[in-house]
> 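Please find one structure pasted underneath; my questions will follow.
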2 protein chains.
Amino acid sequence: MPDDSLQITPQPVRRQVEERLRDAIITSRFMPGEHLSDRKLCDLFGVSRGVIREAVRLLEAEGLIVVVPNRGPFVAYLSAAEATQVYEVRSVLEALAGQGFAERASTEEIAELRAVFEEIAATPPGADRMVLLGLKRRFYDVLLRGCRNTYVARMLDQLLNRNSQLRATTLSDPSRLPHTVAEIRRIVEAVERRDREGTWQACREHVMQAAQVALRILNEHAAAAASRPAPPPRPATVPRRRSR
Amino acid sequence: MPDDSLQITPQPVRRQVEERLRDAIITSRFMPGEHLSDRKLCDLFGVSRGVIREAVRLLEAEGLIVVVPNRGPFVAYLSAAEATQVYEVRSVLEALAGQGFAERASTEEIAELRAVFEEIAATPPGADRMVLLGLKRRFYDVLLRGCRNTYVARMLDQLLNRNSQLRATTLSDPSRLPHTVAEIRRIVEAVERRDREGTWQACREHVMQAAQVALRILNEHAAAAASRPAPPPRPATVPRRRSR
DNA sequence: TCTCCATTATTGACAGACAATCATACAGCT
DNA sequence: AGCTGTATGATTGTCTGTCAATAATGGAGA
């Protein structure tokens, strides 16, 4: 099999818009619920309407954008109920990815995974949330590449993007950091033993712990919002209906 | 909670094109590897290029279409290796969906699931493959609706579409039908007992059995193709690279 | 037969236009 | 005041035409 690591593929303008827009959403440059009108995006990216519309369609399918007919695209909003569902799916997909990694990753990839883990473990508690999120992202990049399953990689990637905002807040919780490190250590150690079942369990446990923290935070926010006089407007939350 | 079953949402032309194109692909009206040029699709659907391009972008994100730069969209092709991966993911997602159904579906939904199962069980062995696929599709529709998890529903839906062609051939295997029915019966019965673990196992088992049959068929085809002088051209299999 | 080049078709991207629809504000009525 | 209806303005959905860049095709020539 030829090495295609040096292969370059031409990147149409559309792809760049897709990537930047995706990035802008998952880094919260656009807030959930925000209206992304054609005009605005055209001006922002300096491209024509057609390109914007195509990019929006792709991000719509990825679930990052919700399009309401005759009103246009909005940044998707994740309710507490939906977050629960996301974590439920993540737990099994991540477990599957971990198991695949334990089975099929090369020794180099395992070493790489440990290296990223050590970086996470060495992070001071007061670090910027985006730094931590970036490290965790790299951890997942290694994991998803080494699990040798394109489909689990794609879907987990989408899920991680989908609730990246929530993840940023849970990761940044200083009291949570040592627990996170311990959980990830369990994953890495299980992988190093090539322990299928152990990795599965460790991954599952990790996500479920994260889910608990996330939902606690979400409920606190909800409570705080309820005590405030005017609840956030939350414009047009998912009026779209999946067909089929 | 207000009943939104009467809600009507306007369907832009684009949505119709998306649906029809998706349907045409999963029912094999377009063969894998086939080139779907703008012109052709414009003529077929009688709409402008912009609409076509947007629809293609959406189906690209769903994995049904692969777009190679400067050559346009092709119907995605599923290699044996990829099929293995799809079944691996399906097994856990379907298990999760089943578990969610066993926990959270209403008694009406459980009855509905059994009703569809009875239809499947009553199918004569010589039935058309598309009839069976349609029934199975309905089974999944009920399951995915009742599991109360939008995300697992979306992802499993995509996976089922992705390998619908393969599923049609495995389902149509007459020697396989009784086994299929038995496996699905196990699922339904576990659900009726509200047995989380049992449903999980039954679903997992069902997919793994299906995977075995599918891979056997794929290998037979591959062997047959290899014995033939000219192997099928299989133009441009997944040259696209996922970013990030 | 093979190689190289010119022609042609197709994609990627842009701009302009138009009807349909939605949001808003304002006037009028009870 | 509170509600209803309408006029205005902005935005979306869609079509058309245009143009450069790239890939596929086919033929000329060695």
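No hydrogens, no waters, no symmetry mates; every other heavy atom, side chains included, goes into these values. All chains are named by letter (A, B, ...) in the order of the sequence lines, taking the proteins before the strands, and each is independently numbered beginning at 1.
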> Could you tell me if A/Asn149 and B/Glu88 have a donor-acceptor pair between their side chains, going purely by distance under 3.5 Å?
yes

> For B/Gln16 and D/dG13, what is the distance between atoms CD and P respectively, to the nearest whole Å?
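Checked: the CD to P distance equals 14 Å.
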
> Given atom CZ of B/Arg53 and atom C1' of C/dC14, what is their separation to the nearest angstrom?
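Interatomic distance, CZ of B/Arg53 to C1' of C/dC14: 11 Å.
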
> Which part of the nucleic acid does A/Gly72 contact within heavy-atom distance under 4.0 Å: base, sugar-phosphate only, or nothing?
sugar-phosphate

> Tell me the interatomic distance from B/Asp43, atom CG, to C/dA9, atom C1', rounded to whole angstroms.
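For the pair B/Asp43 CG and C/dA9 C1', the rounded distance is 14 Å.
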
> Thinking salt bridges, do B/Arg57 and B/Glu60 make one under a 4.0 Å N-O criterion?
yes

> Within the structure, does a side-chain N or O atom of B/His35 lie under 4.0 Å from either OP1 or OP2 of C/dA9?
no

> Looking only at the side chain of A/Asn70 (C-beta and beyond, no hydrogens), which of the listed nucleotides D/dT14, C/dT21, D/dT12 gets closest?
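That would be C/dT21.
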
> Just to confirm, is there a sub-4.0 Å distance from OP1 or OP2 of C/dG12 to any side-chain nitrogen or oxygen of A/Arg14?
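It does, given that an N or O in the side chain of A/Arg14 lies less than 4.0 Å from OP1 or OP2 of C/dG12.
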
> Could you state the CD1-C1' distance from A/Ile52 to C/dG12, rounded to the nearest angstrom?
15 Å

> Please report, rounded to the nearest Å, how far the C1' atom of C/dT11 is from the CD atom of B/Glu60.
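Result: 14 Å.
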
> Could you tell me how far apart A/Asp38 (CG) and C/dG16 (P) are, to the nearest whole angstrom?
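To the nearest whole Å, that distance equals 16 Å.
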
> Is the backbone N or O of A/Gly100 less than 3.5 Å from a side-chain atom of A/Glu103, with the two atoms forming a donor-acceptor pair by type?
no

> Is it true that the side chains of A/Arg167 and A/Asn161 contain a donor and an acceptor less than 3.5 Å apart?
no

> Are any of the side-chain heavy atoms of A/Tyr151 and B/Arg162 separated by less than 4.5 Å?
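Contact flag for A/Tyr151/B/Arg162 side chains = yes.
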
> Rounded to whole Å, how long is the line connecting atom NZ of B/Lys40 with atom P of C/dA9?
17 Å

> What is the separation between atom CZ on A/Phe74 and atom C1' on C/dC22, rounded to the nearest whole Å?
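After rounding, the gap between these two atoms is 11 Å.
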
> For C/dA15, does either OP1 or OP2 sit under 4.0 Å from a side-chain N or O belonging to A/Arg49?
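Answer no for this pair, as no side-chain N or O of A/Arg49 is under 4.0 Å from OP1 or OP2.
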
> Which of these nucleotides, D/dT12, C/dA13, D/dC15, is closest to any side-chain atom of B/Val47?
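So the side chain of B/Val47 is nearest to D/dC15.
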
